[in-house]
Amino acid sequence: MNKILFKQKLSDNVYLMRIHNPLICNERKAGQFIILQLDDDFGERIPLTIADADEKEGSITLIFQVVGKTTDELSRLNEGDKIANLAGPLGSPTHIEKFGRVVCVGGGIGVAPLHPIVQAMKKAGNEVITILGARNKDLIILEKEMAAYSDKQIICTDDGSYGLKALVTQPLKELCEENPKPDLVIAIGPPIMMKFCSETTRPYKVKTLVSLNTIMVDGTGMCGGCRVNIGNEVKFVCVDGPEFDGHLVDFDNMIARLNSYKKIEQKSHKCNLDKYLEQKK
Amino acid sequence: MTTHKELSEYELSLLNDPEKRASLKTKDRMAIPPQEMPHQNSVERRNNLEEVAIGYTLEQARIEAMRCLQCAKPKCIDDCPVNINIPAFIKQIAENNLPAAAEILKETTLLPAICGRVCPQESQCQKNCTVGKALKDVDKSVAIGRLERFVADWERTSNLAAVPKIKPETGKKVAVIGSGPAGLVVAADVRREGHSVTIFEAFHKLGGVMRYGIPEFRLPNDIVDKEIDMLKQMGVEFRTNFIIGKTRKLQDLIEKDGYEAVFVGTGAGLPVFMNIEGENLVGVFSANEYLTRANLMRAFDKTKADTPIYESETVAVLGGGNVAMDAARMAVRLGAKKVYVIYRRTEKEMPARAEEVQHAKEEGIEFRFLENAKRIIGDENKRVKAIECLRYELGEPDESGRRRPVKIENSEFILDVDTVIVAIGNNSNPLIKQSTPQIETTRWGNIVVDNNQKTSMDRVFAGGDIVLGAATVILAMGEGKKAAESINKLLAS
Ligand SMILES: Cc1cc2nc3c(=O)[nH]c(=O)nc-3n(C[C@H](O)[C@H](O)[C@H](O)COP(=O)(O)OP(=O)(O)OC[C@H]3O[C@@H](n4cnc5c(N)ncnc54)[C@H](O)[C@@H]3O)c2cc1C
Ligand SMILES: Cc1cc2nc3c(=O)[nH]c(=O)nc-3n(C[C@H](O)[C@H](O)[C@H](O)COP(=O)(O)OP(=O)(O)OC[C@H]3O[C@@H](n4cnc5c(N)ncnc54)[C@H](O)[C@@H]3O)c2cc1C
Ligand code: SF4
Ligand code: SF4
Ligand code: FES
């Protein structure tokens, strides 16, 4: 259980791993995530989306970006190593049906959680248009995999090093202006990108789903750390989500909450990196 | 560390002279002063997680045991939810026969070291103790909990606890969901009958609230570990990181995996919030989150743990139960300079154990009674900077018999705080309910059971907080015991 079967570096600090866990592999559906922890006593529990699953092998695929201590340590594990704790699949699956024209927008690492949704939407008979965005060409991930399930694919980079030199909201707006307009938009990426995608589609009244990446502890509805304002209600992302109607999400509050521990984490990350470098010497 | 008083000559003579003990009259017993619990010093303990109550010495325990009148109709037994034979085990302590005392405890309880520490004794076994009644002070009742703890600690630290006998293997399989006190008791009692038992636990560590909720300064992890170790030695299998309803559905355990009975002991892990303005600001936590970070994720150990915990100067804890006390006292230990507990009734109505309230006061926590939060105020970065409260007064008694708090109009005032911890209760965790619609639940999500802890679903039993709502360790154990009996009966036929 939890053995790393395969590891690949996708871009500068993005990694893909296939991990053996037949139980989660069998139960998981598009839109769900796992929580992992690398050390029984002192490790942090971090949520990562199940980007894919291989039933023959009994594995799930995780794609993650190194942003702090735990993702950094995870990236240092190799094929054959085991992940101490892995629990899931968590969260409510994406509601999949034939909507018609579905636009899937992925920003940066957000393309990873989008991948199983794109697959499922295509299989359900939808016309799927994908928009992938990143800062530059090197940070675009899963281009081929996404293309395989897309009727049309649009790529944007901030610096124009690949595809359009634009933010993802630009082609999204154009698609909303087309006739027929999209039946559904799904946007996954940095909170600020999801916020602006939701703002883009709002005037066109195009239903827009976003997948929220709040801070989590248990992932089972026990702590309330993942709570967000959705319209006038408070929801727990780990059990009620992670997908919500983007037009109802209070992104500003969510972004503030994501930064709750920024100061402490930068300190901890730095201390630990220093320790690590110390050891290497 | 505080040390207890030296024993008097009279007390020493009682310890050494069996005849003198035998001749003790009721009057003499009542005259023995209650033995004080040795405690860790209240200044030192603000900076560590070590247990606050250190435990009786053997001499103290024996003297305290001599205070028991060995009543003919002992009220204490009736008031203990698992009906421990209290006078019998206490008598053995007085006679310095600790193995016999331990045996008596084992007849009725699996976790004496834990219950002796966390039971609200003043409202259970010690409430109507004849000694306390006669001295008109429940605090002067025989210290049953402390004695129970003493015996269990003695047995544990002298490594004398023997693995219980297991009947021949029956080849039948039972699944237990949740490793809190209810689940542990079911596992032990079912395993003893020779059935194979697997405990499924969502977290990576075992023990339920005893691990992630109740802090080490009240219940050291070692104690929970030892109990779980014993179950492992009995052959109980544990599957951690296994969330029933997610990793595997409850029906599949029965229909596909061959379990012949299932016990659901998933607890009350769904935090209740107040629904007031500002509750989602940065710096507002449920007690569950705060305590889980500190206990389970070891965030107390700031240099080692990867999980961060909020750095606070001034903390307001909302609520008046054990959970509120634990959160407040943990905040002190994490370095907060000022901690308020805001409770809308008075000290008398507080549901927390009296001892914990006392300890909290000694640790410098400020109790603000007859006040309640109205809204939480944030700064420009959406971080907590103050809390606005209202004053209350007590009105007529409500259904629970407690006087109802009534707010005083226009009594608003503001307290500057940077952290708010909400500890006003827990509802039942909905995971099982959502994934197993066949199980009947109440409007509040508690699982409905009959007198035998049987749910509406075939072969499925439930107990503990998931049935009772947020209750106590000993009540959860009591339900576990009943459920185990029913399961054993079911599997015997
Ligand atoms: C449902 C869900 C699914 C996710 N799926 C993926 C995924 O497939 N791939 C992936 O790379 N990441 C995913 N994330 C984000 C991932 O959990 C965080 O990147 C991770 O927790 C960071 O941990 P760390 O210890 O490496 O960094 P830390 O040192 O803990 O934090 C580094 C920085 O990241 C920010 N951060 C902390 N926690 C989170 C969080 N939960 N989400 C976003 N930022 C955070 C902090 O503000 C901090 O500044 C997901 C998050 C959620 C809630
Ligand atoms: C902070 C705090 C302090 C307390 N102090 C006291 C006290 O001093 N005295 C006292 O008597 N009581 C106290 N209590 C209450 C007491 O802890 C509970 O009543 C008792 O633990 C309930 O036991 P349980 O077995 O029903 O459930 P829990 O102890 O809640 O255990 C349930 C377990 O099930 C697991 N679980 C949940 N869902 C699933 C699932 N779907 N699949 C697998 N596993 C699952 C959970 O992770 C958990 O480990 C306190 C509670 C808290 C929170
Ligand atoms: S189990 Fe609890 S109520 Fe019963 S005797 Fe022990 S401390 Fe008292
Ligand atoms: S009621 Fe008190 S005095 Fe009487 S047997 Fe029980 S503990 Fe002893
Ligand atoms: S992560 Fe704890 S409730 Fe969602």
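Residue numbering restarts at 1 for every chain, and letters A, B, ... go by the order of the sequence lines.
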A:Val234 vs B:Asn280 side-chain heavy atoms within contact, under 4.5 Å: yes

Close contacts, residues 186-197 of chain A versus chain B, judged by heavy atoms under 4.5 Å: none

B:Lys302 portion near chain A, given a 4.5 angstrom heavy-atom threshold: neither

Contacting region of B:Asp301 [heavy-atom separation from chain A under 4.5 Å]: side chain

Engaged part of A:Ile46 at the chain B interface, taking heavy atoms whose separation is under 4.5 Å: neither

Nearest atoms (heavy-atom pairs only) where A:Glu44 meets B:Pro308: OE2-CD, 3.6 Å

Close side-chain approach of B:Lys382 to A:Arg257, heavy-atom, < 4.5 Å: no

B:Arg248 side chain near A:Leu23 side chain, heavy-atom distance below 4.5 Å: yes

Approximate separation, where rounding is to 0.5 Å, of B:Asp252 CG and A:Asn26 CG: 10.5 Å

Side-chain heavy atoms of A:Asp39 within contact of B:Asp306, under 4.5 Å: no

Closest heavy-atom pair and its distance - A:Ala256, B:Val282: O-CG2, 3.3 Å

For B:Tyr212, ring-ring contact (aromatic ring centres under 6.0 Å, His included) partners two or more places apart: B:Phe203

Close side-chain approach of B:Phe273 and A:Arg227, heavy atoms under 4.5 Å: yes

Nearest atoms (heavy-atom pairs only) where A:Gly221 meets B:Pro271: O-CD, 3.5 Å

Pairwise distance CD1(A:Ile34) to CG(B:Asn241) - rounded to 0.5 angstrom: 10.0 Å

B:Leu281, part contacting chain A, at a heavy-atom distance under 4.5 Å: backbone

B:Thr247 versus chain A, the contacting section by heavy-atom distance below 4.5 Å: both

Side chain to side chain, A:Tyr261 and B:Glu311, heavy atoms closer than 4.5 Å: no

Best-contacting candidate, B:Arg293, B:Arg298, B:Lys249, against chain A by heavy atom pairs under 4.5 angstrom: B:Arg293

Contacting region of A:Asn259 [heavy-atom separation from chain B under 4.5 Å]: backbone

A:Cys223 backbone acceptor or donor facing B:Ser286 side chain under 3.5 Å: yes

Residue, of A:Val228, A:Val239, A:Leu86, that accumulates the most heavy atom pairs under 4.5 Å with chain B: A:Leu86

Among B:Thr266, B:Leu270, B:Ile243, the one residue meeting side chain to side chain contact (heavy atoms under 4.5 Å, CB included) with A:Thr220: B:Ile243

Student check: side-chain heavy atoms of B:Lys246 and A:Glu27 closer than 4.5 Å: no

Structural part of A:Arg28 lying under 4.5 Å from a heavy atom of chain B: neither

Residue part contacting chain A, namely of B:Tyr290, when any heavy atom lies under 4.5 Å: neither

Side chain A:Asn85, main chain B:His204, donor-acceptor under 3.5 Å: no

A:Arg45 vs B:Thr307 side-chain heavy atoms within contact, under 4.5 Å: no

Where A:Ala87 and B:Ala202 come nearest, the two heavy atoms and their spacing: CB-O, 4.5 Å

Smallest separation among heavy atoms of A:Ser260 and B:Tyr310, with atom names: O-CE1, 3.8 Å

